[in-house]
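Encoded as structure tokens, the structure appears first; notes follow it.
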Amino acid sequence: MLNQEDLFKKIISHAKEYGFVFPSSEIYDGLSAVYDYGQLGSELKNNIKNYWWKAMVQYHTNIVGLDSAIFMHPTTWKASGHVDAFNDPMIDNKDSKKRYRADVLVEDYMAKIEAKIDKEVAKAEKRFGDSFDKEQFVSTNPRVTGYKEKISAIGARLYKSMEENDLADIKALIEELEIACPISGSRNWTDVRQFNLMFSTQMGSLSDDANTIYLRPETAQGIFVNYLNVQKTGRMKIPFGIAQIGKAFRNEIVARQFIFRMREFEQMEMQFFVRPGTEMEWYEYWKETRVNWHKSLGIPEENYRLHNHEKLAHYANAAADIEFKFPFGFKELEGIHSRTDFDLSAHEKYSGKKLRYFDPEINESYVPYVVETSIGVDRMFLSVLSYAYTEEKLDDGSERVVMNIPPVIAPVKVAVLPLLKKDGLPEKGREIFDALKVDYMCQYDEKDAIGRRYRRQDAIGTPYCVTIDHQTLEDNTVTIRERDTMKQDRVPVDQVASIIAERIRPQL
RNA sequence: GCGGGAGUAGCUCAUCCGGUAGAGCGACAGCCUUCCAAGCUGUAGGUGGCGGGUUCGAGUCCCGUCUCCCGCUCCA
């Protein structure tokens, strides 16, 4: 069998060969970590988005949609914490070639001094026994106070430089402290460089620092800043949700693994606003609901894994990932986060606008808590491709490559194939095609032997092939061939559309 | 960013020690075929990643550069 690395390469080249995913700007040698979706890819992607939108917005009467702009007021990103959290000063050791966060290096150094203090305390404790007064010792022992002063001096300088974006001083600090690389032991450092994970651009035609704005690194903030607009105009009562599908942008330091980690990607997010204190119930509800959504596509359960986070992001009090078994291992596909009131409170503070909700049931007003579900469209797309790509050996010894894409999201639903390119079969085929194309994405193909045409459709994941033969001309019946089993049923032409509708109905 | 590998037709690859690029598959047109790839005929498609050097002559040798892949580093 294929090893996983080869499998992944096959999937990538299959995706390109059949028009699912192309490298961006390929004629100019491509653009790193950016990809374009081709004729089939754009269909599949739209179908995935539709399937999600239906499950979230259409099937939940208390969830509504939103399409907020990618450009947002710069203060948004101060409030959300991205300006600080997405700005890391990095430094490389030239000998070990290892890269570190410069502030972490300094903080580790401070921690070492802290450890020395603890050591002094432990020693003294042993020496003085029961009469030991830790408070007094720590505040009077000259060695300990010396350490403490050193820590606070280093800290003050580090955080001041961080605040002022003084990268040269951070490097100077590392050199003065004679911090060495833990791997190489050398102090041969590069300059400190800023890795800004947000893309910035200029608003307005005059370039001027004051006009710098960011391309959003997540869609969630567009929902938060519109929370009040939607709540009021939609007469929404808590608990309620706002869903959004849209592009987001992150300057990944290393972006690889095909469309798994791209600089420009698309998210499907839903922020669910709840009464404080009820967030854990909703968090559990959404974990289960989202897992069920994945299962509803018919991809076997063993491909998914729920991973509860131990360490949490600054905005969350609980978090879990739905992971998918990609060819390169189990990786995050979707996140469910209990974000508390972090975001809305931050926006209240920065905007000065009240973002509260008056809850008539308990006669109180509060800033709602938020439970977020956030899934990457591109990752979902890749999970579908990864699962679907199958090389089969058939009973007759031949082989076929088939994409077992869940029919409900398959890019092409039906192929119409006249058995022969004569005797009026193509004409009849065209007629059937024209009738079906109103309801479904269809392909018509009369070139080459029928078996080859079936294989072509298998390769792009078309779940159903309708074949016209001589009997069709006599009694108006056709065969429907099913992709996965290759079995055929003969059915009346005028029932084809409804039969397919029944088979691809979402199981939500 | 560092280390390693690779760039020749849409895809997979060939072209011996430098002598003006070839096959299979695919695509397209047609023939043949009444149900599961690989029957026949024909056609199109290559400034050999890009730039420079050596040479009478470079896909082939040398230098530079770009891109991709693998590993390391980093991340919501």
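Here is the naming used below: chain letters follow the sequence lines, and residue numbers restart at 1 for every chain. None of the values given here were measured: they were computed from a predicted structure.
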Tell me every residue that passes ring pair (Phe, Tyr, Trp, His ring centres under 6.0 Å) with [X], counting only those two or more places apart in sequence or in another chain.
{"X": "A:Y109", "value": "none"}
{"X": "A:H14", "value": "A:Y18, A:Y389"}
{"X": "A:Y464", "value": "none"}

Which value, in whole Å, describes the distance between the [atom1] atoms of nucleotides [N] and [M]?
{"N": "B:G3", "M": "B:U8", "atom1": "P", "value": "24 Å"}
{"N": "B:G26", "M": "B:C13", "atom1": "C1'", "value": "14 Å"}
{"N": "B:G59", "M": "B:U54", "atom1": "P", "value": "16 Å"}
{"N": "B:G24", "M": "B:U20", "atom1": "C1'", "value": "25 Å"}

field: By side-chain contact (heavy atoms from CB on, under 4.5 Å) - contacts of A:K45 (at least two apart)
entry: A:Y37, A:K49, A:K247, A:E266, A:V377, A:D378, A:F381
message: Run the side-chain contact (heavy atoms from CB on, under 4.5 Å) test against A:Q488 and tell me which residues pass, sequence neighbours left out.
response: A:Y454, A:T467, A:T479, A:R481
- prompt: Is there a residue in residues 324-336 of chain A whose heavy atoms reach under 4.0 Å of RNA chain B, and which residues are they?
  reply: none
task: May I ask you to evaluate whether A:K16 reaches the phosphate of B:G10, defined as a side-chain N or O under 4.0 Å from OP1 or OP2?
output: no
Atom [atom1] of [X] to atom [atom2] of [N]: distance rounded to whole Å?
{"X": "A:R216", "N": "B:A76", "atom1": "CZ", "atom2": "C1'", "result": "16 Å"}
{"X": "A:K10", "N": "B:C69", "atom1": "NZ", "atom2": "P", "result": "18 Å"}
{"X": "A:Q39", "N": "B:G10", "atom1": "CD", "atom2": "P", "result": "16 Å"}
{"X": "A:F258", "N": "B:C68", "atom1": "CZ", "atom2": "C1'", "result": "13 Å"}

task: Examine A:R339 relative to A:Y369 and say whether NZ or CZ is less than 6.0 Å from the centre of the six-membered ring and inside a 45° cone about the ring axis.
output: no
- prompt: Under a 90° cut-off about 0 for the syn range, is B:C16 syn or anti?
  reply: anti
query: Under a 3.5 Å cutoff on both atom distances, Watson-Crick or G-U, what's the dot-bracket for RNA chain B ([ ] crossing, | other strand)?
result: (((((((..((((.....[..)))).(((((.......))))).....(((((..]....))))))))))))....
query: In B/S/- notation, 5' to 3', how is nucleotides 30-37 of chain B contacted by protein heavy atoms closer than 4.0 Å?
result: B--BBBBB
message: Tell me which pairs pass salt bridge (Lys or Arg N to Asp or Glu O under 4.0 Å) where either residue lies in residues 65-76 of chain A, with sequence neighbours left out.
response: none
field: All pairs passing salt bridge (Lys or Arg N to Asp or Glu O under 4.0 Å) where residues 12-24 of chain A contributes a residue, at least two apart
entry: A:K16-A:E26
Under 3.5 Å, sequence neighbours excluded: what are the donor-acceptor pairs made by side chains of residues 320-327 of chain A?
unit_1	atom_1	unit_2	atom_2	d
A:D321	OD1	A:H309	NE2	3.1
A:D321	OD2	A:H309	NE2	2.7
A:E323	OE1	A:R305	NE	3.1
A:E323	OE1	A:R305	NH2	2.9

- request: Between A:S13 and A:K9, just flag the one whose closest nucleotide in RNA chain B comes earlier from the 5' side.
  value: A:S13
query: Got a sec, which pairs hit side-chain hydrogen bond (donor to acceptor under 3.5 Å, both in side chains) with one end in residues 408-425 of chain A, sequence neighbours left out?
result: A:D423-A:H470
query: If you measure only the distance, is there a donor-acceptor pair under 3.5 Å linking the side chains of A:Q244 and A:E269?
result: no
- prompt: If you look at every strand shown and take non-hydrogen atoms under 4.0 Å, does A:R379 touch a base, only sugar-phosphate, or nothing?
  reply: base
